[in-house]
Amino acid sequence: MRSPIPLILGLAATAYTQADLEACLNDSGVPVDTVSGTDWARDAAPFNTRVPYTPATIAVTTTIEHIQAAVLCGVTAGVKVTPKSGGHSYASLGLGGEDGHLVVELDRMYDVTLESEDTGVAVVQPGARLGHLASVLWEDYGRGVAHGTCAGVGISGHFLHGGFGFSSHTHGLALDAILSATIVLANGSAVEASPTQNADLLWALKGAGSNFGIVASYRLQTFVPPPELTWFGASLGWTQSTAVAGLEALEAYARDEMPAEVNFRVSAYGYGGASIEGLYHGSEADMRAALAPLMETAAPSGGITSMGNGSWIDAVTHYAYTNNIDQTTPSAQENFYAKSLVLKGLNGTTAQAFVDYWYNNASQTTTRSWWFQMDMHGGAHSAISLNPNNASAYAHRDKLYMIQFYDRVYSGTYPTTGFALLDGWVAATTAQLPDDGADWGMYINYADTSLDRGAAQRLYYGENLPELQRLKALYDPGELFFYPQSIEPVVA
Ligand SMILES: Cc1cc2nc3c(=O)[nH]c(=O)nc-3n(C[C@H](O)[C@H](O)[C@H](O)COP(=O)(O)OP(=O)(O)OC[C@H]3O[C@@H](n4cnc5c(N)ncnc54)[C@H](O)[C@@H]3O)c2cc1C
Ligand SMILES: *[C@@H]1O[C@H](CO)[C@@H](O)[C@H](O)[C@H]1NC(C)=O
Ligand SMILES: *[C@@H]1O[C@H](CO)[C@@H](O)[C@H](O)[C@H]1NC(C)=O
Ligand SMILES: *[C@@H]1O[C@H](CO)[C@@H](O)[C@H](O)[C@H]1NC(C)=O
Ligand SMILES: *[C@@H]1O[C@H](CO)[C@@H](O)[C@H](O)[C@H]1NC(C)=O
Ligand SMILES: *[C@@H]1O[C@H](CO)[C@@H](O)[C@H](O)[C@H]1NC(C)=O
Ligand SMILES: *[C@@H]1O[C@H](CO)[C@@H](O)[C@H](O)[C@H]1NC(C)=O
């Protein structure tokens with residue numbers, strides 16, 4: 001880790017130093033990490049070690065007043081301000097995605113309480129991690145909320161930009177649970193974003209939250225899970241010559257038949273064949289009946305290979321791949337490059353291009369550790385697709401699939417020749433699709449460091465980009481909350 005750089009401030013009237021910024025925070029009573037201390041090392045550590053950045057200063061807030069004061073110190077110093085929740089951004093956007101930001105570390109703020117048993121509304125602080133949220137909601141209240149798998153992921157990055165997991169086909173994205181939020185804006189004021197107050201801000205937060213301020217508190221709608229859930233694994237038995245037909249059968253099932261209670265993804269890892277992992281919100285017998293048409297058409301030479309059942313928290317724990325889900329500190333780090341693709345379908349010549357690259361290119365690279373996961377995201381019975389793309393900033397509700405491509409090294413640095421593998425796969429798959437911003441896009445929660453700002457905005461926000469650029473000009477015209485892929489303000 002390099003030592004913090006002195007601040008070079010083009011816009012500020014006076015050149016501020018790191019010491020000035022720290023003094024401002026200290027004068028306002030905001031705790032700050034000591035440079036080179038153990039807390040600094042922990043808070044500046046990215047999940048993706050391929051993209052490390054050095055903050056100007058790290059403010060460790062424990063109250064909303066701290067957050068407000070930190071924002072104002074950033075304004076005074078002319079330094080970009082970046083909130084960090086769980087720090088799991090693939091592009092280290094929680095550190096600002098570049099050197100020199102004032103990072104507002106939120107992960108000491110992780111309280112989870114239920115506002116009312118009657119409504120099941122939870123009040124949650126912005127630095128809670130997914131596993132902690134799930135643990136408290138279940139243990140204290142017998143409730144849950146739909147979200148992704150990894151226990152160490154922070155709720156803010158996850159909930160503000162999507163949040164897809166093994167309950168999303170049934171209940172919606174994590175962001176669909178956000179009823180309202182308290183947010184600190186670029187001028188330091190704290191406002192409510194709800195359907196009745198600053199509704200445009202709530203619309204923007206649900207999909208593009210990192211561009212508009214620092215959320216200090218959420219009100220989330222929880223649900224009472226069914227008493228029994230059943231998780232399953234299956235092999236598809238596809239080969240290079242059957243995979244296109246398999247994908248087309250999969251698509252017919254996912255588009256029209258797949259019941260709301262079924263959740264699954266198709267994955268392939270390196271040289272292994274394609275397999276399914278999923279979660280049924282109900283019993284084994286009902287799961288078997290719901291999956292039968294899929295297994296008959298898409299996996300005639302495959303079948304269910306593993307199964308288990310249990311309570312809601314058992315299912316969450318199963319897919320967290322650890323028994324210790326109640327996490328309040330960071331755990332793992334990986335060194336990787338990742339890409340995403342959200343698509344309305346994968347059939348015909350497009351499916352052929354995807355499959356050819358898979359078997360002819362990806363599977364021939366013997367020195368790499370890649371995988372892809374293709375989530376069943378949309379379809380006739382998906383809770384995500386009940387709403388139109390413009391229901392909130394999240395622009396991909398009409399997409400059937402959400403694919404993630406991931407390539408990791410276990411030691412040493414990521415090779416400069418490495419990027420071409422996944423770039424080529426996405427390019428091959430999209431080559432024959434219209435480039436009109438409607439047929440395919442990308443997902444910022446799998447932030448892709450190869451995208452320039454223009455491409456990132458277009459692919460992440462699709463048809464919602466013009467409205468988001470207008471709102472950016474309204475709420476953060478000076479781009480205090482800037483990062484290399486942030487939304488550009490456009491005055492209408
Ligand atoms: C191991 C692992 C597993 C994952 N599994 C899934 C999965 O199953 N499903 C899925 O959809 N995604 C998954 N993801 C992706 C994950 O959803 C995103 O990386 C998410 O943005 C991480 O949130 P964070 O708070 O931990 O990240 P951070 O790096 O802290 O923040 C990410 C972004 O949110 C902003 N932000 C943070 N706090 C706030 C706030 N309070 N107000 C406004 N903006 C804020 C940051 O500035 C940054 O731009 C996974 C990631 C990892 C590393
Ligand atoms: C921060 O403020 C406290 C008083 O609140 C003071 O004792 C301390 O010396 C200050 N530290 C720095 C680095 O300015
Ligand atoms: C899991 O399945 C078994 C066998 O059908 C059943 O006896 C048990 O009650 C189930 N567990 C839960 C938590 O429903
Ligand atoms: C094939 O995929 C396209 C998107 O690439 C989609 O619009 C179309 O509906 C799909 N066709 C079928 C039959 O599923
Ligand atoms: C993929 O593999 C084919 C066949 O080996 C080869 O002709 C092609 O150049 C490869 N494409 C890329 C992008 O590497
Ligand atoms: C979404 O788009 C539809 C159709 O263009 C429009 O009628 C509706 O007002 C839009 N909703 C929002 C919230 O912008
Ligand atoms: C802060 O900005 C918001 C949004 O632009 C505005 O409504 C509010 O009046 C501002 N508050 C102050 C104190 O300037």
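Values in this document were obtained by computation on a predicted structure and should not be read as measured data.
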When you check the side-chain N and O atoms of Asp326 and His132, is any donor under 3.5 Å from an acceptor?
yes
Yes or no on salt bridge (charged side-chain N to carboxylate O under 4.0 Å, His left out) for Arg397 and Asp176, after CA distance, side-chain angles and deciding distance?
CA-CA 11 Å; Arg397 292 179 190 275; Asp176 288 318; 2.9 Å; yes
Under a 4.0 Å threshold between the charged nitrogen and the carboxylate oxygen, would Lys399 count as salt-bridged to Asp375?
no
Got a sec, which residues hit ring-ring contact (aromatic ring centres under 6.0 Å, His included) with Phe164, two or more places apart in sequence or on another chain?
His377
Apply side-chain hydrogen bond (donor to acceptor under 3.5 Å, both in side chains) to residues Thr170 and Ser167 and explain how you reach the verdict.
CA-CA 5 Å; Thr170 313; Ser167 300; 5.9 Å; no
Summary of disulfide bond (SG atoms under 2.5 Å apart) pairs that have at least one residue in residues 26-82, sequence neighbours excluded:
Cys24-Cys73
Here the pair of heavy atoms bringing Val75 nearest to Ala186 is CG2-O, 3.5 Å
With sequence neighbours excluded, residues passing salt bridge (Lys or Arg N to Asp or Glu O under 4.0 Å) with Asp439:
none
Which value, rounded to the nearest 0.5 Å, describes the distance between Asn211 atom CG and Asp476 atom CG?
8.5 Å
Could you tell me which residues satisfy side chain to side chain donor-acceptor pair (under 3.5 Å) with Gln469, sequence neighbours excluded, listed by chain and number?
Gln457
Name all residues meeting the ring-ring contact (aromatic ring centres under 6.0 Å, His included) criterion together with Tyr141; count only those two or more places apart in sequence or in a different chain, and write none if there are none.
none
Are any of the side-chain heavy atoms of Trp231 and Asp314 separated by less than 4.5 Å?
yes
Sorted by first residue and then second, give each ring pair (Phe, Tyr, Trp, His ring centres under 6.0 Å) pair with at least one member in residues 68-95; sequence neighbours left out.
Phe47-His88, Tyr90-Phe336, Tyr90-Tyr406, Tyr90-Tyr446
Does the ring centre of His396 sit less than 6.0 Å away from the ring centre of Tyr443?
no
Under a 3.5 Å threshold, yes or no: a donor from one side chain and an acceptor from the other, between Tyr475 and Asp200?
yes
With a 4.0 Å cut-off on N to O distance, would you call Arg42 and Asp107 a salt bridge?
yes
Would you say the rings of Trp370 and Tyr337 are close, in the sense that their centroids are separated by under 6.0 Å?
no
Treating Gln125 as the side-chain partner and Asp111 as the backbone partner, does any N or O pair qualify as donor plus acceptor under 3.5 Å?
yes
